[in-house]
Each structure stands twice: as C-alpha cells, then as structure tokens.
Amino acid sequence: MGDQMQFIVEKLNQEPFRKNYNLISFDSLESVQLLQLLNDVLGEIDPKHAVDIREELPEQTAKRMLSLLGILKYKPPGNVSDLSAFRQGLVTGSKPVIHPLLHWLLQRTHELKKRAYLARFLVKLEVPAEFLQDDTVADINKQYEELMEAFKNLHKEYEHLKISGLSTAEIRRDISAMEEEKDQLVKRVERLKKRVETVQNHQRMLEIARQLRLEKEREESLAQQKQEQKSQLFHAEQRLQRAQLQLKEMQDAVADSKPESLMKKLEEEINFNSYLVTEKMPRELESKKASVYLLQKVVAEPAMTQSDLTALQSEINEVNAQMNQLTEKRMMKYEPTDSKFSMYRQQASIISRKKEAKAEELQAAKEEMSRLERQVQQRSSQAHELEGSEILTEDELKQYVNKLRSKNTLYKKKRLEIAEITAEYGILQRTEELLKQRHEAIQQQLQVIEEKKGISGYSYTQEELERVSAVKSEMDEMKGQTLDNMSEMVKKLNAVVAEKKASLAPVIKELRQLRQKCQELTQECDEKKIQYDSCAAGLESNRSALEQEVKGLLEACAQEESNYRYIHCMRRTLEVQLQRAKEEMKAYVSPDPQERRKAIREQYTRMILEQENLGKKLREKQKVVRESHGPNMKQRKMWQDFEQLMECKRECFQKQQNQAAIGQVIQEGDILHSGTKWD
C-alpha cells in the first residue's frame, strides 16, 4: 500500500498535475478532495470530464465516472468486487476504492487517453428494433456503421504509418535527386531541340515520329492485353476443370453411398438438432433471462450503504441456514423409501450433464470443422488463383515449417541474450552510480559526525599537521636552525599532537563503532538492493519480451488483414475479367455477324489491319521520298544559284539607276547656277 501511495504522489507531482503532495498531505485528503482529484485525473484522460464536482449531484458524478470507467475497462480489485460496494465507495470517496483506482489510471495514462479518444467514435449507439423498421432510420444507422468501420480502417493505417516511421531525410534526398534528374532531362531536351531545328521540315518529321511511337506503344499494349487475356482464359479453363472434377467426385460419392447410411446420418443430425432445440437452448435461454432480470433488478436498486449490505448478508445467512435445516429434515423423512430413487436420480442427473457436455463439445467441433473447411477452401482457391496448379506438397510444407521454427528459436535465443546483456549493463551502471553516491554520502556523514562531536575539521587538522611538519622540515633544512630549537619545536608539536589525540581518543573510539555499524547496514542495504535490481531487471526483460511478442502478433494480424483485402480485390477483378472474357467468347462464336463485329478481337483485328495498311502506305511514301531526294536537292541548289544571280542583277540595275539620277541632278544645278549669273 505504501508503494502504491508513493507512486500516486510521484505521478501527481509531475506534469500536467503538479500538486506538490507528500505522503502525509495526500493521506490526509478528505473524501471530497479525493473525488475532485480523481475527477481531475479523469479529465486529463477525457477532457469532457474536466468539471467541478461541487456543481453536480453525487449520483450524477458517480454515474459519469462509472460510465467512463466502463469504457476504459476498469475492473475493481478483489476487496471491492461487489459492484454496489464499489459504487458506494465511489460516491462517498472511500480511500480503499479511490487509491487503487488512481494507481490504475496513473499507470497507463497514455493508453487510456487513446482508448477514451477512440470511444468517442467507436462506442456504438444502440437503436431499438422498432425504430429500425423505418427506412430512413435504417439507412442512417447503416451509414453510421459504415462510417465507424471507415474510421477503424483509417486509424489502423495511421497507427501503421506511425510504427513504420518514414524518414523525412530520405524523402528529401529522393526529391532532390529527382529534381536533378529533371534538370538534366530538360537540358538534354533543349540540346536535342537545337540540333533538330537546323534540319528542314523537322516539324513534320517530328509529328511522323510521334505518331510512329504512339502506334508502337499501342501495339505493345494490345500485345500485352492479348497475353493477359490468354493467361486469364487459361486460368479460367483450369478452374472450370477443377470445378467439373469436384462435381464428378461429389456425384460419384452420392452414387456410391447407400440409402441406409444416408438415412442413419440424417437421423443422427435430426436427433442432435432436436435435442438442441427442445432441451439445451431453452435452458440456456431461461438462464440468460434470469441473469438479465437479476442484473436489471440490481441496476434499478438505489445506492446501498454498508449497513444495508450487512443486513442483506445476515438475511442471506439465515435463509441458507433454513434451507439446510429443511434439506436435512427432508432427507431424514424420505431416506428409507427413496434411497433407490435418489441413486437413480443422481445417475440420471450425471448422465444429463454428460449429455449436455458432449452436445456442447459436438457443437463446438462442428463449428470448428466448418470454419476449417471454409478456411481450407478459401486458401486453396487463393492458391489456385495466385499460383495456378503449383501447390506445396506436404513434405515441402513440413520442411518449410521446420525451417521457420528453427529460425524463430534462434531469433528468440539471440533476443534473450541481448535482453540479458542490456539488463546486466543497466545493473553495472546502477552499481557505479550507487558507489559514487555512497562515497559522497560517507564523506558528508563523516563531516556531520565531526560537527556533532565537536571535532569539526579533524581530518583537515590532520592534513594541516602533516603539511606543517613538511614545511617545518623544509624550513629546517633551508634555514639550518640549531638542534635545540628543533627539539623544542618538536616537543611543542608532540605535546599539541598528544593533547589532540587525548581529546579525540573517545570520539575516535565511538566513530569506529559507528563506522562498523555503518558498514554492516551498508552491506545489508547492498544485498537488498542487488536482490531488488535483479528482480526488477528480470521483470523488465520479461515485459520487453512480451511487448515484442504482442507487437509481432499485431503486425502479423495487420499483414494478414491487408493480404485478405488485397486478395479479395484481386478476386473481384478476376471475376470481372472472366465475365468480360465470357462475353467476348460468346460474341466471337455467335453466328450473327453484327454480334461478331462487336467482339473486341474483331475490332482489334480491324484496327491492326488498318494500321498495317497505313504503315505500308507510309513505307511506300518514304521510298518515293528517298528516291527523289537527290534530284530534288540538286534542283534546289540550282534554284538557289538562280536566285543569287537575279539578286545580283537587281542590285546592279538599282546602282545604275541611282547613278543616272545623280547625274541629272548635277546638270539641273549647273543650269540654275548659270541662270543666276546672267541675271
């Protein structure tokens, strides 16, 4: 109980509570303060409960806390297993009820926060059956359930992403590498564009090359689709053959079976089902109804005090005593006559109990067998769909399982070795810290003891004396004092030392006893500490091993679930493709030409012929272009030369005209000049 209170106080003094409690102040809290403290802890787990309990009735507080504790799946300890007593203790703020509850909540605060958050979205709202008859309410309820399932899937993906822990540094490196590749590709494209621009008719050639590339890609995709459809058709034929084989086997089994064996088997099934319907299920239904009635009665009762519980317990004891007395009287009264009947009754009751147990075992075995058959059928169909007819044999499967077991054993062994080394390292590290702390504590203890005994600085005095003696010897050597002065000084020093020793002798004696006692206590403390550390390390290693195992199982479960969803999607895709293949086959073998023209194969055949004709025309055109390329280039060169010659003639003509115009202007100027002269 002390460890529990110490843990609670430590947690409450930390973030986010910061209560600054000690054991005495926490133990002296009143019931109202304890309830408010419990409500604060619950409010930290679920913010909706962060309220002041003085503003609501005690029944409302208890109801609210009990609902949250039910969501968090809290189970009261053995001493408060009675629900009424636990509820009464929660209302009154009883320490035997509140302290274990606080200890449980503070131990797993993070886990409970997560559970409370999920409960806001995953606690299903129960709708009465009569309301579900309405179509609108039924649709809304169905949509609500679908949203709940979607939230579950999203939360699982979120947890999986948190565990996987994608590295942002790696993503950034990938992005930078892709950007560099993009820049290189852009530069390369620009260089190629510059080289192509110098070629004549490059746009038309690029367009033809683009069309050729598109046609090649289309041809490759058509070939791939054709291959896929062939493989799908092959798998479909294999599945059809397997189904026909199974049908034939079942027909042979039915044909070989006799009517007597079939009738006997049907009679056994009818007897078993009639027993379940007439005897077993009605008893179970009555017991469930009685349990529900008792639980409803308990819930409807008001809160009971300790005195009410004591009165009920005494009443129960009295009724039990009366029942025992009546049973004894009845046995004494009817024992001579009903001895044989009682024996038969006991045998009949034993046989009926055995019959019920065997019926339950048979029912469980049938359910297990049907589940295994469904699983085997599902796995076999998945294996056939994924791998065709290649399935592992029994010997190969055993070898694979043995190999996995050996690897698992080796992995567990190595993991245990790592855990032991880690635990030993922690113990050694803790031992080193303890030795350092012990040394410091002993030094401080020694100083405290010296101060208490009035000899503070004894060790310092002894060191000072040694230093003084050393200085003395040095000074004697350096100054060369006389032997008399040295002897007098030695006598004085010896007298002082003797005085100090005489005064310190009883203290030293007492200090020796205390040191011996301290050593014994330290040794005992070390032994206890070693035992505690070894036990804690063992428990920690076991806990880590269990956590790793649980984590592995959860990851395996998530992997299996994702595999199931992937296989389910693949199955639906294959079913759609099979349906398309059937429709294609039906249209292909149809005698109607119109239907046959709708077949994809016919369409692809026509398109292939069209593309082949187009390619043939393009090749012929290319041949013509190649044949006329030389003469055309020669003619082009002649036209260029002719164009240069005409350009040269035009320039000469323009120069001649310019010179004639300049001469005419000069003549007109001379005439004007002569006219002015005559005037």
Side-chain angles (χ1 to χ4, degrees), residues 1 4 31 57-59 61-63 65-67 69-70 73-101 103-104 271-365:
M1 194 66 182
Q4 188 183 80
S31 59
L57 296 175
E59 290 79 7
T61 304
K63 185 177 179 181
M65 290 182 178
L66 284 172
S67 63
L69 292 176
K73 297 182 180 179
Y74 172 69
K75 295 181 180 179
N79 54 354
V80 286
S81 58
D82 190 359
L83 184 60
S84 300
F86 175 75
R87 184 177 178 182
Q88 185 66 27
L90 192 62
V91 172
T92 58
S94 177
K95 291 181 180 179
V97 175
I98 302 297
H99 286 180
L101 181 54
H103 184 262
W104 185 81
N271 292 330
F272 176 71
N273 292 329
S274 61
Y275 167 73
L276 290 178
V277 172
T278 57
E279 296 183 13
K280 187 173 182 297
M281 289 185 177
R283 283 199 300 271
E284 291 181 355
L285 184 60
E286 291 297 330
S287 63
K288 296 293 183 184
K289 285 182 178 179
S291 301
V292 170
Y293 174 73
L294 291 174
L295 291 173
Q296 288 177 352
K297 189 175 179 182
V298 169
V299 170
E301 288 180 356
M304 302 179 71
T305 60
Q306 189 65 33
S307 59
D308 296 335
L309 292 174
T310 307
L312 284 175
Q313 189 64 37
S314 61
E315 187 176 352
I316 289 169
N317 293 332
E318 290 176 1
V319 172
N320 288 331
Q322 291 177 6
M323 288 173 61
N324 292 330
Q325 291 176 3
L326 292 173
T327 305
E328 291 176 358
K329 288 180 181 180
R330 184 178 177 280
M331 290 175 65
M332 292 174 62
K333 184 176 180 181
Y334 295 103
E335 187 175 2
T337 57
D338 291 346
S339 59
K340 294 182 180 180
F341 293 109
S342 62
M343 181 178 66
Y344 293 142
R345 288 195 199 97
Q346 291 178 358
Q347 291 179 357
S349 63
I350 291 170
I351 291 170
S352 64
R353 285 196 295 272
K354 287 183 178 179
K355 186 178 179 182
E356 291 177 0
K358 294 298 181 184
E360 291 178 356
E361 291 178 2
L362 180 60
Q363 183 70 17

In Å and rounded to the nearest 0.5 Å, what is the CE to CD1 distance from M323 to I316?
11.5 Å
Going from CG on L101 to NZ on K95, what distance comes out if it is rounded to the nearest 0.5 angstrom?
15.5 Å
Could you state the interatomic distance from CG (N317) to CD (Q322), rounded to the nearest 0.5 Å?
11.5 Å
Do K358 and E361 come close enough that some side-chain heavy atom pair is under 4.5 Å?
yes
